[in-house]
Amino acid sequence: CVLIINTAKKHPTSDKRFALWYMGWSSLDRRSTLPMLPWLVAEIRRKSEKNESGPAQAREVQLYLSPPLIRCVPANSSNPSVFIFEHKAQFISRFIHNSHDLSYFAYLIRSQPDNPESEMACHVFKACDPNQVPEVISSIRQVSKAALKEESKPRQDSDESFYNSQKFEVLYCGKVTVNHKKAPSTLVDDCIDKFRQHEIERKRLRLLNGQRSSTEAPVEFIMGDDPLSSSLCKVDELETNLIEEELSEKGNGKLDLTSSSNTGSLLGVFPECILEDSDFGERHASEPNNVQPSDADKNRTMLFQVGRFEVNLISPDTKSVVLEKNFKEISSCSQGVKQTDHFGFICRDVVESGPAQYVCYVFQCASESLVDEVMLTLKQAFTTAAALQSSKNQIELCEACPMHDLHKLCERIEGTATSFHQLTHPTHPTFSTIFQCVSLSISQAFFDILVCICCFADHMDGRELLPLSPRALNQDQNPQVSPLTPEQGFGGEKGRRSPADYRALWKKAIHQQILLIRMEKENQRLEASRDELHIRKMKLDYQEVCQCSKEVQALWDRKLSSPCRTKVQWDKEEIHCAVCQGVPKSRRGEVWLLLSQQYRLRHRLPQRQQPPETPYQDLLKQLTAQQHAILVDLGRTFPTHQYFSTQLGAGQLSLYNLLKAYSLLDTEVGYCQGISFVAGLLLLHMSEEQAFDTLKFLMYDLGIRRQYRPDMISLQIQMYQLSRLLHDYHRNLYTHLEEHEICPSLYAAPWFLTLFASQFQLGFVARIFDLLFVQGTEVIFKVALCLLSSHEGEILECDGFESIVDYLKSTIPTLTHSQMEETITKATEMDISKQLHAYEVEYHVLQDELSDAPPPSEDSDRLDKLEKANAQLKKQNMDLLEKLQAARLKIQTLEGSMESFLSRESKMKHLIRSLEQEKASNQKTIERMRSSLPSDAMAEVEMTQLKSSTNGKAKETACKKP
């Protein structure tokens, strides 16, 4: 029946609608299997086309898609509030697309998704154009995904199975097709040998013909059907990843690897006549298959995730799941015997034509110990999953049930797989239920057998199958398809067209296809731009400190648009003044890149201190031994920020790439806790490669990497310097902390290791980074000192160890906006460079004295003498430091004056050369003039010169006389 509801909401113009024929619906028996579904759809079609009584009659409708609802409205109704039915899109569990008649499709929906015993219904539709069906299905899926994103309370079971999983970094080597689900122990080694042989052959062919493709190779590639290959084929077309070999057993028990022409999809497809969306509506929108892809080059390194009931292979480059296998599809796992750092697993893979086959996927880990850990994790996961599955009190379907025979009959007719897949778990709680099942199933099975016999008989006569068959019906016998019959010919005579008409149709189809392709490309470009803007907005979702005025923004715009900004040094004071006035949040990443380039123009690192020049993309293709530490810290880095909060989302995978690349670049440091926050803040303002270059600048050029070394001597020096600053600038606070034995390492170590990013607000940390690019690591001490001084009174009021530490770790980071601005202003006005250098020298002197000190003696006089000598040495040290500072200043002034002298000298030399050239040119001019004058004129000129010279000499002698 048609329901009429009163609501104030109107259908928005942005919602999609499709003109379809609604054929009807039917409830689904819980003992139904996959091969039965096409026959169920055919039965609904038969009833609707013959106007039989049923739940609904075939009628023309409008299907409205309004997240999260799907609403079926009569075609003659302009009010979407009057509808036939509506339900939530996320409750759809399966799509059915009839492969024999592409204009029909159906979907299954459960009234209560969390209850496996709830009733399921099958709704059948028909489209006027078969090409419209994929668009409708895709639109419904998009509505479902949008609805899942808006759900505030995701299902707990799926969340636990996803988040409580183990992750490992692996290198995907390839896959092979095997004949049996149980393979020998040498399978992985044989696969690796075959992969290497093919790689050698591919390189040989490339050298011979100069082409990248190897069509004459003895093995066959899977390019279109393999989602792993689609994520890898953009990089050098890694053929070794896409090899599909068939292992056949010989009589002697050995394996022979031969080529195979069978290609299959890694994500298994379902039997004929069913288009199954295996993970549709099953995974939460925050999981990694819903994040946006990045623009990095593809590589073979993947994240191997072992969940509660499945294994996933996640690509950090494409930010997507490229392989997903349930435990029940995996038959065995094995480790290489010779290649101990390799492992693989065999799973069932279903192809579109033919029976199911078994495929072995081979991976490589960074070490043998890591492979052992992967194998142990898989074993534990399989055991746990089996225990959980057996605890559900599943009751097996009795083999004598006619539904089992009906399932086998449908399989033989449709040519589907022989495995028995039930949509729901059957239950036989009572004898009456069993009796009803048997009686109903016997009658239904007997009727279907008769129908099948008639179907085959009709098929042998050349006629169509009976309406019960899922194959396409003849439209001439279909009373409901009369509005959908083809139009008459252009010439007015039905069914006959001239060659000119066909040419016009062909041209029209080509033009429409070109227009469609252009529209699709434009739509993809607009969607990519929209997603990029959304991600950028998500990244910069923090409150800015010290907002910029329009004049400052215009100043930065001019500087960032300057063509010589990377080659010409700018005035340091001018840049410092501009940074102190503020940096626009939208262009902060560009400003940081500009400041790093200006710093490198002024300060060139020695060759031995420069980082290796390994490209970022090459580093991503390698395996890192620091993967466990990095993966653990991904969830701890900015856990409340939207960009990094998604487990293995775009933010976390980009952060993993960045940390992994740096751990491989800097082998001395590798990975240390704290680097993730620095890298994460860089990723919020720039791309991965830009963030990697900026991270190298911070680590090497500014010297921050010293505090991450294994010995952490630099961090100890920094803690000593901060303690001495407190002693000199805030004596009362220093004494109070010393009385309670609170050293700076208890509260300030995270400030230095994460550059305040782990505890303070992002806007405040971003301003610290602005100053860091101009002033260096000195700004960390300034900010720490300002924070402690601004809370000195409150800290002095705390009278216990716990209360002081709690205040330092919890209360100080919760700054107000005015306090953050005041702290930044104070930090920009401080100058403690001399003190920091003096404290560093003092620390080294103390360490040398402690290392060279003799063992403790009982003679107190000697101890007093040593203390006096130590005090004198400290005084001498301070005097020497002052002299050293004065000498350095003098050297700097002398170097400056020398540079000015050298510049003046070069200018003078240039002027002399120009004057000499001018003199030479004048002499040549005089010679030419003399040669052109007559002899009489020359004699007069010479006489005039003699007279002038004589008069000049006479004047000189007259001037010399007293």
Side-chain angles (χ1 to χ4, degrees), residues 159-171 286-288 291 301-308 310-317 319 321 363 365-378 380-381 384 619-620 622-684 688 691-692 695 699 705 707-710 712 715 749-750 752-755 757-759 809:
D159 284 350
E160 290 180 356
S161 63
F162 178 76
Y163 297 126
N164 299 336
S165 58
Q166 297 292 328
K167 310 170 192 66
F168 307 90
E169 186 188 35
V170 298
L171 185 70
S286 63
E287 297 180 14
V291 297
T301 57
M302 306 282 180
L303 290 181
F304 186 77
Q305 180 189 35
V306 183
R308 290 177 59 185
E310 75 286 331
V311 294
N312 297 319
L313 200 63
I314 304 171
S315 172
D317 280 349
K319 311 296 187 296
V321 178
F363 306 94
C365 292
S367 61
E368 179 183 355
S369 60
L370 190 60
V371 177
D372 296 336
E373 188 176 353
V374 172
M375 299 301 293
L376 180 61
T377 303
L378 287 172
Q380 293 175 352
T384 305
L619 293 171
L620 292 181
Q622 305 176 24
L623 296 173
T624 177
Q626 309 284 337
Q627 54 172 294
H628 278 318
I630 296 175
L631 289 171
V632 167
D633 285 347
L634 289 181
R636 303 172 182 173
T637 305
F638 299 116
T640 59
H641 195 277
Q642 188 179 2
Y643 185 63
F644 294 106
S645 60
T646 303
Q647 291 288 333
L648 292 185
Q652 289 194 4
L653 292 177
S654 297
L655 182 60
Y656 177 81
N657 286 339
L658 187 56
L659 298 176
K660 165 192 169 182
Y662 184 80
S663 67
L664 293 169
L665 180 78
D666 191 354
T667 55
E668 181 183 7
V669 172
Y671 172 75
C672 179
Q673 285 185 343
I675 302 180
S676 59
F677 284 93
V678 180
L681 191 67
L682 296 177
L683 281 175
L684 293 179
E688 283 187 26
F692 181 69
L695 182 62
M699 292 294 185
R705 66 182 294 272
Q707 68 182 12
Y708 298 113
R709 287 177 178 173
M712 287 193 171
L715 183 63
F752 284 81
L753 289 175
T754 65
L755 304 183
S758 62
Q759 298 178 358
K809 291 186 175 182

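Values in this document were obtained by computation on a predicted structure and should not be read as measured data.
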Nearest-0.5 Å distance, [atom1] of residue [X] to [atom2] of residue [Y]:
{"X": "Phe677", "Y": "Thr637", "atom1": "CZ", "atom2": "OG1", "answer": "5.0 Å"}
{"X": "Ile314", "Y": "Thr301", "atom1": "CD1", "atom2": "OG1", "answer": "12.5 Å"}
{"X": "Ser676", "Y": "Leu753", "atom1": "OG", "atom2": "CG", "answer": "10.5 Å"}
{"X": "Asn657", "Y": "Leu683", "atom1": "CG", "atom2": "CG", "answer": "9.0 Å"}
{"X": "Lys167", "Y": "Asn312", "atom1": "NZ", "atom2": "CG", "answer": "10.5 Å"}
{"X": "Leu655", "Y": "Leu648", "atom1": "CG", "atom2": "CG", "answer": "11.0 Å"}

| request: Please assess Leu313 against Phe363 for the test side chain to side chain contact (heavy atoms under 4.5 Å, CB included), listing each intermediate value before the final yes or no. | output: CA-CA 11 Å; Leu313 200 63; Phe363 306 94; 3.6 Å; yes

| field | Minimum side-chain heavy-atom gap Ser645-Thr640 below 4.5 Å | value | no

| message | I'd like to check Tyr708 versus Met699 (side-chain heavy atoms, cut-off strictly below 4.5 Å). Are they in contact? | response | yes

| task | Just grab all the salt bridge (Lys or Arg N to Asp or Glu O under 4.0 Å) pairs involving residues 623-638, residues at least two apart or on different chains. | result | Asp633-Arg636

| said: Going by salt bridge (Lys or Arg N to Asp or Glu O under 4.0 Å), name the pairs with one or both residues in residues 646-656, residues two or more places apart or in two chains. | reply: none

Side chain to side chain contact (heavy atoms under 4.5 Å, CB included) with [X]: which residues, sequence neighbours excluded?
{"X": "Ala381", "value": "Val306, Phe327"}
{"X": "Ser369", "value": "Ser367"}
{"X": "Glu373", "value": "Phe168, Leu370, Thr377, His628"}

| query | Step by step, would you call Leu619 with Phe692 a side chain to side chain contact (heavy atoms under 4.5 Å, CB included)? | reply | CA-CA 11 Å; Leu619 293 171; Phe692 181 69; 3.5 Å; yes

| query | Is it the case that Gln652 and Tyr643 place a side-chain donor and acceptor less than 3.5 Å from each other? | reply | no

| query | How close do Gly674 and Thr754 get, heavy atom to heavy atom, and via which atoms? | reply | CA-CG2, 3.6 Å

| request: Look at atom CD of Gln622 and say whether more than 12 heavy atoms of other residues, nucleotides or ligands are closer to it than 6.0 Å. | output: yes

Distance-only criterion, 3.5 Å: show the donor-acceptor pairs between side-chain atoms of residues 662-670 and protein atoms not counting sequence neighbours.
unit_1: Tyr662; atom_1: OH; unit_2: Asp666; atom_2: OD2; d: 2.8
unit_1: Ser663; atom_1: OG; unit_2: Thr624; atom_2: OG1; d: 3.1
unit_1: Ser663; atom_1: OG; unit_2: Leu659; atom_2: O; d: 3.4
unit_1: Ser663; atom_1: OG; unit_2: Lys660; atom_2: O; d: 2.6
unit_1: Asp666; atom_1: OD1; unit_2: Glu668; atom_2: N; d: 3.4
unit_1: Asp666; atom_1: OD1; unit_2: Val669; atom_2: N; d: 3.4
unit_1: Asp666; atom_1: OD1; unit_2: Arg705; atom_2: NH2; d: 2.9
unit_1: Asp666; atom_1: OD2; unit_2: Arg705; atom_2: NE; d: 2.9
unit_1: Asp666; atom_1: OD2; unit_2: Arg705; atom_2: NH2; d: 3.2
unit_1: Glu668; atom_1: OE1; unit_2: Arg705; atom_2: NH2; d: 2.9

